[in-house]
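Throughout, a chain's letter reflects where its sequence line sits, starting with A, and its residues are numbered from 1. When reading the values below, keep in mind they use all heavy atoms of this one structure, side chains included, and skip hydrogens, waters and symmetry mates.
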Protein chains: 2
Amino acid sequence: MVKRTSFERDDCPIARSLDAIGDWWSILIIREAFFGVSRFSEFQKKLGLAKNILTVRLRALVDQGILKTAPASDGSAYQEYLLTPKGRGVFPILVALRQWSEEFDAHPEEIATILVDKEKGRPVRKLELYSQDGRLLGAGDTTLKPRLAGKQSKRAYS
Amino acid sequence: MVKRTSFERDDCPIARSLDAIGDWWSILIIREAFFGVSRFSEFQKKLGLAKNILTVRLRALVDQGILKTAPASDGSAYQEYLLTPKGRGVFPILVALRQWSEEFDAHPEEIATILVDKEKGRPVRKLELYSQDGRLLGAGDTTLKPRLAGKQSKRAYS
DNA sequence: GCAATCTAGTTTAATCATGCAACCATCGGA
DNA sequence: TCCGATGGTTGCATGATTAAACTAGATTGC
């Protein structure tokens with residue numbers, strides 16, 4: 001990924017997430033895993049990325065505990081890559097990315113799929129952020145506080 | 001960004017979002033913009049990225065309608081970079097990234113800040129996804145449908 | 001049981017984006 | 001007019017990405 005200042009030691013959680021899954025392929029691999037893709041060759045066929053890159057990405061995702069390898073499942077001797085709880089936790093990020101594109105993309109008519117709830121088959125609502133007492137929050141209604149008590153941060157999501 | 005198969009023509013909205021903001025710096029630039037950062041030199045100081053890269057990224061973000069340039073505001077002759085509605089629409093993505101890190105990071109004690117609601121100063125809840133009739137949905141409760149009517153997609157967020 | 005094919009990689013070479021540093025033009029203040 | 005800050009641009013070295021060739025073991029077909 002080109003010599004990058006790793007954000008691993010950054011104290012911003014956004015930067016830390018990006019450090020883990022902030023490249024194109026990692027997120028798309030996780031997306032495919034949600035679709036049920038689990039084998040090396042399947043990932044490669046669906047995503048069309050170079051196999052060496054896939055090798056590196058899969059290994060990194062396993063190292064980070066986002067995917068785990070299981071010895072088999074369909075009887076074949078090959079291993080498969082499955083989402084861990086941490087990997088499944090990426091779901092809201094995928095939904096957020098999807099909804100942003102649905103709302104703001106310049107050519108929404110080219111988007112092929114809609115996320116619907118399985119039971120009723122109807123589109124889901126937008127992701128919603130609530131305060132602990134149940135108020136719906138927008139960007140302007142939130143601010144950042146240092147984790148360890150102390151004084152209010154000046155940095156606010158305006 | 002290294003000769004990349006551009007996802008611009010991909011029909012998956014996640015891929016399309018990644019194509020727009022799927023690199024490390026773009027998202028961090030948007031994060032800073034939410035913090036109120038608006039000038040070239042501020043972005044450069046806070047993020048510590050090379051100025052040429054910042055130039056390219058800012059231009060790309062402006063081209064995509066995520067940032068817009070305004071001639072001034074504090075009287076100086078320099079321009080400033082402001083979030084457009086499309087840019088402010090990235091907020092849920094930032095929150096999702098933040099919450100994923102908060103929940104799954106191997107060293108959460110290194111995270112410096114907490115997102116709180118401005119009014120009460122208390123941490124926000126997790127992002128929630130609801131069906132149109134108000135049921136809280138997890139990854140397993142959703143599936144994908146082709147946008148243009150027709151038959152159910154086999155690809156489900158399992 | 002043998003050959004063909006599939007799987008999951010590794011290796012290699014060419015390419016091209018990235019990051020860094022140095023340079024440059026403009027603006028504002030003294 | 002000089003000086004520092006601002007907002008870039010240019011050039012080069014690094015190294016990430018890719019396609020393609022190669023490999024070794026597993027599986028399937030016959």
Side-chain angles (χ1 to χ4, degrees), chain A residues 1-10 15 18-29 32-33 36-64 67-82, chain B residues 1-10 15 18-29 32-33 36-64 67-82:
Chain A
M1 317 172 185
V2 179
K3 191 178 57 188
R4 273 191 46 238
T5 38
S6 164
F7 299 124
E8 205 182 336
R9 292 275 136 206
D10 200 296
L18 291 179
D19 203 65
I21 54 170
D23 67 292
W24 311 279
W25 292 127
S26 295
I27 292 191
L28 294 177
I29 288 169
E32 293 300 327
V37 170
S38 66
R39 309 241 320 226
F40 186 95
S41 57
E42 278 185 293
F43 284 114
Q44 208 241 321
K45 243 171 283 178
K46 300 242 178 175
L47 295 174
L49 82 172
K51 293 197 289 179
N52 54 348
I53 302 297
L54 179 57
T55 300
V56 173
R57 286 294 183 282
L58 285 174
R59 215 181 325 264
L61 289 171
V62 169
D63 286 350
Q64 291 175 31
L67 295 179
K68 62 173 179 256
T69 54
S73 97
D74 62 345
S76 78
Y78 306 115
Q79 63 184 351
E80 51 184 20
Y81 297 89
L82 298 173
Chain B
M1 315 174 184
V2 180
K3 189 179 60 185
R4 270 192 49 237
T5 37
S6 164
F7 299 125
E8 204 183 337
R9 291 276 138 206
D10 200 296
L18 291 179
D19 203 64
I21 55 171
D23 68 294
W24 310 279
W25 292 126
S26 295
I27 292 191
L28 294 176
I29 288 170
E32 294 300 326
V37 170
S38 65
R39 310 246 315 229
F40 186 94
S41 59
E42 278 184 294
F43 284 114
Q44 208 240 320
K45 244 172 283 178
K46 301 242 176 174
L47 295 175
L49 83 173
K51 294 197 288 180
N52 54 346
I53 303 295
L54 180 57
T55 300
V56 172
R57 287 294 182 283
L58 285 174
R59 211 180 330 264
L61 289 171
V62 169
D63 287 349
Q64 290 174 28
L67 295 178
K68 63 173 179 255
T69 53
S73 97
D74 62 344
S76 79
Y78 305 116
Q79 61 187 351
E80 52 184 18
Y81 296 89
L82 299 173

Inset, instruction - Without swapping roles, check the side chain of A/E42 against the backbone of A/R39 for a donor-acceptor pair under 3.5 Å. - result: yes
Inset, instruction - Look at the side-chain N and O atoms of B/S41 and state whether any lies under 4.0 Å from the OP1 or OP2 oxygen of D/dA5. - result: no
Inset, instruction - List for me each residue that meets side-chain hydrogen bond (donor to acceptor under 3.5 Å, both in side chains) alongside A/Q79, sequence neighbours excluded, and say none if there are none. - result: A/Y81
Protein-nucleic acid N or O pairs under 3.5 Å, nucleotides 10-14 of chain C:
residue: C/dT10; atom: OP1; partner: A/R59; partner atom: NH2; Å: 3.4
residue: C/dT10; atom: OP2; partner: A/R59; partner atom: NH2; Å: 3.3

Legend entry - Modelled atom types, side-chain donor and acceptor of A/D23 and A/S26, under 3.5 Å: yes
Legend entry - Check against side chain to side chain contact (heavy atoms under 4.5 Å, CB included), A/T55 and A/F40: CA-CA 8 Å; A/T55 300; A/F40 186 95; 3.6 Å; yes
Legend entry - Qualifying residue, where the test is side chain to side chain contact (heavy atoms under 4.5 Å, CB included) with A/F43 and the options are A/L49, A/V37, A/L28: A/V37
Inset, instruction - Give a yes/no on whether any side-chain N or O of B/R39 is located under 4.0 angstrom from OP1 or OP2 of D/dT6. - result: no
Inset, instruction - Using only side-chain N and O atoms of B/W25, determine if any of them is under 4.0 Å from OP1 or OP2 of C/dG19. - result: yes
Legend entry - Side chain of A/Y78 - closest among D/dA26, D/dT18, C/dT18: D/dA26
Inset, instruction - Examine C/dG9: is either OP1 or OP2 under 4.0 Å from a nitrogen or oxygen in the side chain of A/Y81? Give yes or no. - result: yes
Legend entry - Selected nucleotide, minimal atom distance to A/I53 side chain, candidates C/dG9, D/dT17, D/dG8: D/dT17
Legend entry - Whole-Å gap separating P (D/dG7) and NZ (B/K45): 9 Å
Inset, instruction - Verify the contact: side-chain N or O of A/Q79 to OP1 or OP2 of C/dG9, cut-off strictly under 4.0 Å; return yes or no. - result: yes
Legend entry - N/O donor-acceptor pair under 3.5 Å between A/E32 side chain and A/I29 backbone: no
